Number of protein chains: 2
Amino acid sequence: MKYDTEPELTEEQLTHVSQIFKALGDPTRIRILHFLLDQEYSVNEIAEKLELHQSTVSHQLSTMKKIRLVKSRREGTTIYYSHDDKHVIDLLTEAINHACHN
Amino acid sequence: MKYDTEPELTEEQLTHVSQIFKALGDPTRIRILHFLLDQEYSVNEIAEKLELHQSTVSHQLSTMKKIRLVKSRREGTTIYYSHDDKHVIDLLTEAINHACHN
DNA sequence: TGCATATATTAGCATATATAAATATTCTAA
DNA sequence: TTAGAATATTTATATATGCTAATATATGCA
């Protein structure tokens, strides 16, 4: 039996890649990330615009921040979020573009 | 309050895109898809090479087949699987490449 | 200090899903 | 038609996760 010559994935690669895809595998997180495509927004702005509970947005932002998909910036009591991984944004927009003409 | 001018994602786009990312968000499925990069393999070959239970491989292949990530071909009692969405393969390899130098 | 606003965290619930063992199905060959 | 091989399905279990309400924390201001 002959097998592929592709190099095996390392444990780290597997973990990292699946973590990112897992984060993108939820409609709510996709909506949030997509909303942050070109501009930063506060938690409340995101919640209002996307019609989500404040705690839901905060929670999902925190999960995305843990794996460096978004970053935050404080201004008084307000915290602005923006995306923090251009490559992930590229993956997302490519997937969306592909979903369009399909 | 001013909001982004990006077009809102449609329900269909959201569902489709999150479905694909969700499928890629599991290490076992990534290993299987990656193993199928350049060549088709039978269920047993995949199970042996990746050291997974036969039922696990069969189950994961069936979930990926449902959403057209893989396709199958029968030859006697053996069923060969291969990937069926070049674009998803591209997303995967891009993510892996990025994970390498990171 | 005390109050209001914005955000974060906690806890509970419901749902989803990954794995594995056991069983069933499908096909080939004798 | 019957046995064996390959794959699929069923069932059970454990784990993860998304959402919500409630509460906590942090900041700015009177």
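Computed from a predicted model, the values in this text were never measured in an experiment. Side chains are part of it too, since the values below use all heavy atoms of this structure and drop only hydrogens, waters and symmetry mates. Sequence lines set the chain letters: A, B, ... in the order given, protein chains first and strands last, and positions in each chain run from 1.
- Asp26(A) contributes atom CG, which lies 9.5 Å from atom CG of Leu14(B) (distance to the nearest 0.5 angstrom).
- For the pair Asn44(A) and dT5(C), the criterion of a side-chain N or O lying under 4.0 Å from OP1 or OP2 is not met.
- When heavy atoms are screened at a 4.0 angstrom cut-off, Ser58(A) is found touching base atoms of the nucleic acid.
- The CZ atom of Arg74(B) sits 8.5 Å away from atom OG1 of Thr78(B), with the distance rounded to the nearest 0.5 Å.
- Rounding to the nearest 0.5 Å places CG of Asp85(B) at 11.0 Å from CG of Leu92(B).
- Distance check, rounded to the nearest 0.5 Å: CD1 of Ile20(A) to NE2 of His98(B) gives 7.0 Å.
- Separating the NE2 atom in His83(A) from the CD1 atom in Ile32(A) is a distance of 14.5 Å, to the nearest 0.5 Å.
- Between dC27(C) and Thr77(B), no contact under 4.0 Å exists linking OP1 or OP2 to a side-chain N or O.
- Within the structure, every side-chain polar atom (N or O) of Tyr81(A) is placed at least 4.0 Å from both OP1 and OP2 of dA6(C).
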task = Could you go through the side chain to side chain contact (heavy atoms under 4.5 Å, CB included) check for Tyr81(A) and Lys71(A) one step at a time?
result = CA-CA 6 Å; Tyr81(A) 279 86; Lys71(A) 62 180 188 289; over 6 Å; no
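- The nearest whole Å value for the distance from the NZ atom in Lys66(A) to the P atom in dA8(C) is 12 Å.
- Ile32(B) has its CD1 atom 14 Å from the C1' atom of dT7(D), to the nearest Å.
- In this structure, the separation between OG on Ser58(A) and NZ on Lys65(A) is 10.0 Å, given to the nearest 0.5 Å.
- The end-to-end axis angle of the helix from dT1(C)-dA30(D) to dA30(C)-dT1(D), rounded to 10 degrees and based on five pairs per end, is 10°.
- Within the 6.0 Å centre-distance limit, the rings of Phe35(A) and Tyr41(A) are counted as a close aromatic pair.
- Going from atom CZ of Phe21(B) over to atom C1' of dA16(C) covers 20 Å, rounded to whole Å.
- With a 4.5 Å cut-off on side-chain heavy atoms, Ile30(A) and Leu9(B) count as touching.
- Atom pair Ile79(B):CD1 and dC27(C):P shows a separation of 8 Å (rounding to whole Å applied).
- Here the C1' atom of nucleotide dA6(C) and the OH atom of Tyr41(A) are 18 Å apart, to the nearest Å.
- No contact: Ser62(B) has no heavy atom under 4.0 Å from any strand.
- Rounded to a whole Å, the CG atom of Leu50(B) is 12 Å from the P atom of dT19(C).
- Rounded to whole Å, atom P of dA16(D) lies 14 Å from atom CD of Gln19(A).
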For nucleotides 18-23 of chain D, which of its nitrogen or oxygen atoms have a protein nitrogen or oxygen under 3.5 Å away, and what is each distance?
unit_1, atom_1, unit_2, atom_2, d
dG18(D), OP1, Arg29(A), NH1, 3.1
dG18(D), OP1, Arg29(A), NH2, 2.7
dG18(D), OP2, Arg29(A), NH1, 3.0
dC19(D), OP1, Thr28(A), OG1, 2.8
dC19(D), OP2, Gln60(A), NE2, 2.8
dT20(D), OP2, Thr56(A), OG1, 3.3
dA21(D), OP2, His53(A), ND1, 3.4

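- Put simply, CD on Glu75(B) is 13 Å from C1' on dA6(D), counting in whole angstrom units.
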